[in-house]
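Hydrogens, waters and symmetry mates are skipped; everything else that's a heavy atom, side chains included, is used. Letters A, B, ... mirror the listed sequences (proteins, then strands); counts begin at 1. If you're wondering where the values come from, they're calculated on a predicted model, not measured in any experiment.
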2 protein chains.
Amino acid sequence: MSTIYDVAELAGVSAKTVSRVLNDDPAVKGPTRDRVRDAMTRLDYRPNSQARSLRRGDNKSVGMLLEDPAGGYQGRFHHAMLVASMETRNHLAIELFTPGRSDFPREDIAHFVADAQIKAMVLLPPLCDYGPLKSFLKDQGIHCVLISPTTPDDHYPSVNMDDRKAARDVTDYLLSLGHRRIAHIAGHPDHAAAFLRRQGFNEAFDAAGRPRPAKDYVAEGLFNFKSGIEAAEKLLSLKERPTAIFAANDEMAAATCSVAHKMGLRIPEDLSVVGFDDAPIASAVWPALTTVRQPYLDMAKRTLQILNAAGDAPHRSDVQERHIIAHELVIRESTGPAPAV
Amino acid sequence: MSTIYDVAELAGVSAKTVSRVLNDDPAVKGPTRDRVRDAMTRLDYRPNSQARSLRRGDNKSVGMLLEDPAGGYQGRFHHAMLVASMETRNHLAIELFTPGRSDFPREDIAHFVADAQIKAMVLLPPLCDYGPLKSFLKDQGIHCVLISPTTPDDHYPSVNMDDRKAARDVTDYLLSLGHRRIAHIAGHPDHAAAFLRRQGFNEAFDAAGRPRPAKDYVAEGLFNFKSGIEAAEKLLSLKERPTAIFAANDEMAAATCSVAHKMGLRIPEDLSVVGFDDAPIASAVWPALTTVRQPYLDMAKRTLQILNAAGDAPHRSDVQERHIIAHELVIRESTGPAPAV
DNA sequence: ATGAAAAATGTCATCGATGTCATTTTGTGA
DNA sequence: TCACAAAATGACATCGATGACATTTTTCAT
């Protein structure tokens, strides 16, 4: 590997001048700059990032604690962060957080932060609501961004999507298709998102000046396939059978489709189904699900913007910084006009 | 952040001595060592890893190129690598490889390697068989380990599981349960693993001194659910219906279960089904699938062992280094004794 | 008790880049 | 043409750790 000195020698300048070229210092002009550039190319020179950040004292690594880097929400957000950090040239360091093991692996985390020279940390649900972890990081003076936390935090900014609004959009859409008998399969009661989605669902009726669906039109699910099956069976065997079902996530929506098919109902002719998340399963099932796309990539990009900008202005702890990223209603084949009565 | 000098001052020794304690140099003894240790604790000192590897010139970062860090095989291996690298205290750096974009992102990869100070790279299928990438890395002098490559490489060691043997184990097991009409759903013809699994399947019959299954007992699949459905439908409508089906992966095995159920066959009473991979779907379906567990974690551990040992002895290019990691047959509820005729 | 070997610790330079400040070169107006 | 400010470049110290080598302290045989 060639160093800045090799380049300097080849270009016939001092190392400092090479450094200036590297950092786009406007002081270096014309022919000198070109000679240096040329030498860098010829030697296939790459700056040593360790030496660089040792001297500068700064650091571009962003850390992320994950329980399951490959699965579900975390997996999809992880992917988005990787894409986003390629663009911003941030380095993303992943650490597994295994809550099972010992009470709270402070030592591991401290080690991780020091070892990977972490500048800041990204916390996803449910970790972003885990008090001991947050206060530990606060003590260590580590900046964080929280992704869709249940409770906002005074010290750290958060990046969210608007679950309530998204659920309302879904419901508005179903209403606009002429549906009047619209049921909801709610998510796990421990998740704030489940609550907000249900709220948005109800709100749409209020705004449209229609009565909210009867109590038996809202079934309790747990965000998984199995609970979706049970909820759908309950809803679809009501004497006033709904013409549309909005499930709080795609897995339960897929379960709903499967129950409907078993009962001989056609989708979307007899029943419209909407999911939430735009998880892989949403396009894998037939018919492909109408759903809400979680704006993972935009959330990841914003997260990095926040982190890269941090330090420019000190954080004001009297302002809660909540970033709301726009979602998108993805209309596929599982929804259609309400059946004629 | 405190430095080695702060510790030295507090302990009343020189920085070098602190360094010695850090590196477990046996030269430092008794009270001195204790004083230093104590000072480190009091200051919550963490060595600066950048300074350290700048000086040492070595580096513990292991790079991994992934197309989809969250999905399928790559996602599971990624997870295993994260677990394994926590133990060995290696840092794992992930870079997305998006073959779609431009012909071949040499510049991105070179940048990644330099920027993350990569010591070595781990390549998964199908990247580990991608010639241009491998020769590029060779030119850059980067050490690699290939995971389950289709064709072994003279320059780089590989870590594999024995697909042939595993398939044979599955088939032996089915034979031992008394099954005689055993069918196979093969995998995607482009994958070496598909070929090897089919080979192992056949071999079991040879070894048992039985005739190999008729040609129509081997259906061609593509490793996905849909192709599994079609293959299973074909196999289960043969007049001599098989009593056991060994699918080359779990998705196709799950598809087989679903077809069997639709036809009113009970599993395992009427039909035994075996998958391969022990993917999440294997335990998600009912009944849970008997399958072969890919030894992801052991493979990941071995990979890091190889990389951490590399450099101790130079690589001999006349020896192909192939590491075979033991798999495991996971017996669940989808297999049982052959039905009485 | 004494000297030499062994053990413990310290000094200084160094890894590759960049900040500070000094020096050289260039450009400008009289 | 010359003085002098401005622009371009360079010399040197530095970030935090460790290697090479020097120095001090201990140990032990005689």
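- A:Asp44 and A:Ser2 are not linked by any side-chain donor-acceptor pair at a separation below 3.5 angstrom, with hydrogens and angles left out of the test.
- Direction of the helix axis in the helix from C:dA1-D:dT30 to C:dA30-D:dT1 shifts by 40° between the two five-pair termini, rounded to 10°.
- Across the protein-nucleic acid pair, B:Asn48 atom CG and D:dT18 atom C1' stand 13 Å apart, rounded to whole Å.
- B:His143 and B:Tyr156 have perpendicular rings, their planes meeting at more than 60° on a 0 to 90° scale where under 30° would count as parallel.
- If you measure from atom CZ of A:Arg52 to atom C1' of D:dT14, you get 17 Å, rounded to the nearest angstrom.
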Produce the list of close N/O pairs, under 3.5 Å, pairing protein atoms with atoms of nucleotides 24-28 of chain D; give distances to one decimal.
none

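- Residues passing the salt bridge (charged side-chain N to carboxylate O under 4.0 Å, His left out) test with A:Lys134, sequence neighbours excluded: A:Asp153.
- Looking at B:Val62 and B:Thr303, their side chains never come closer than 4.5 Å, going by heavy atoms from C-beta outward.
- With rounding to the nearest 0.5 Å, the separation of CG in A:Asp115 from CZ in B:Arg52 is 8.0 Å.
- Using cut-offs of 30° and 60° on the angle between ring planes, the pair A:Phe77 and A:Tyr296 is perpendicular.
- Within residues 110-119 of chain A, no residue has any heavy atom closer than 4.0 Å to DNA chain C.
- At a threshold of 4.0 angstrom between heavy atoms, the contacts of A:Ser53 with the nucleic acid are absent.
- Side-chain N/O atoms of A:Arg20 and base N/O atoms of D:dG10 include a donor-acceptor pair closer than 3.5 Å.
- Both A:Ala27 and A:Tyr5 sit near DNA chain D, but only A:Ala27 has its closest nucleotide nearer the 5' end.
- The line from CE of A:Met299 to CG of A:Leu304 is 12.5 Å long, rounded to the nearest 0.5 Å.
- Annotation: the span from B:Arg20 atom CZ to B:Ser14 atom OG amounts to 6.5 Å, rounded to 0.5 Å.
- At distances below 3.5 Å, not a single donor-acceptor pair connects side-chain atoms of B:Asp298 with backbone N or O atoms of B:Ile325.
- The CD1 atom of B:Ile147 sits 11.0 Å away from the CZ atom of B:Arg302 when rounded to the nearest 0.5 Å.
- A 4.5 Å side-chain heavy-atom check between A:Ile4 and A:Leu22 finds at least one atom pair inside the cut-off.
- Chain A approaches DNA chain C within less than 4.0 angstrom (heavy atoms of the protein), and the contacting nucleotides run 5' to 3' from C:dG16 to C:dT20.
- When the nearest nucleotides of DNA chain D are assigned to A:Arg33 and B:Tyr45 by heavy-atom distance, the more 5′-ward of the two goes with A:Arg33.
- In this entry the distance linking CZ of B:Arg56 with P of D:dA20 reads 13 Å, nearest Å.
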Show your working on salt bridge (charged side-chain N to carboxylate O under 4.0 Å, His left out) between B:Glu107 and A:Arg46 and close with a plain yes or no. CA-CA 11 Å; B:Glu107 197 44 41; A:Arg46 317 263 163 192; 2.8 Å; yes
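- Taking each heavy atom of B:Pro126 and B:Gln74 in turn, the nearest pair found is CD-NE2, 4.2 Å.
- Rounded to whole Å, the distance from CG on A:Leu54 to P on D:dA13 is 18 Å.
- Annotation: the span from A:Leu124 atom CG to A:Glu67 atom CD amounts to 9.5 Å, rounded to 0.5 Å.
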Step by step, work out the salt bridge (charged side-chain N to carboxylate O under 4.0 Å, His left out) result for A:Arg37 and A:Asp24. CA-CA 11 Å; A:Arg37 284 257 155 79; A:Asp24 292 315; 3.4 Å; yes
Run the side chain to side chain contact (heavy atoms under 4.5 Å, CB included) check on B:Val83 and B:Lys301 step by step: do they pass? CA-CA 9 Å; B:Val83 174; B:Lys301 285 181 180 169; 6.0 Å; no
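- If you take CG of B:Leu22 and P of D:dG19, they are 11 Å apart, rounded to a whole angstrom.
- Only A:Val13, A:Ser14, A:Lys16, A:Thr17, listed by number, bring a heavy atom of residues 8-19 of chain A to less than 4.0 angstrom from any atom of DNA chain D.
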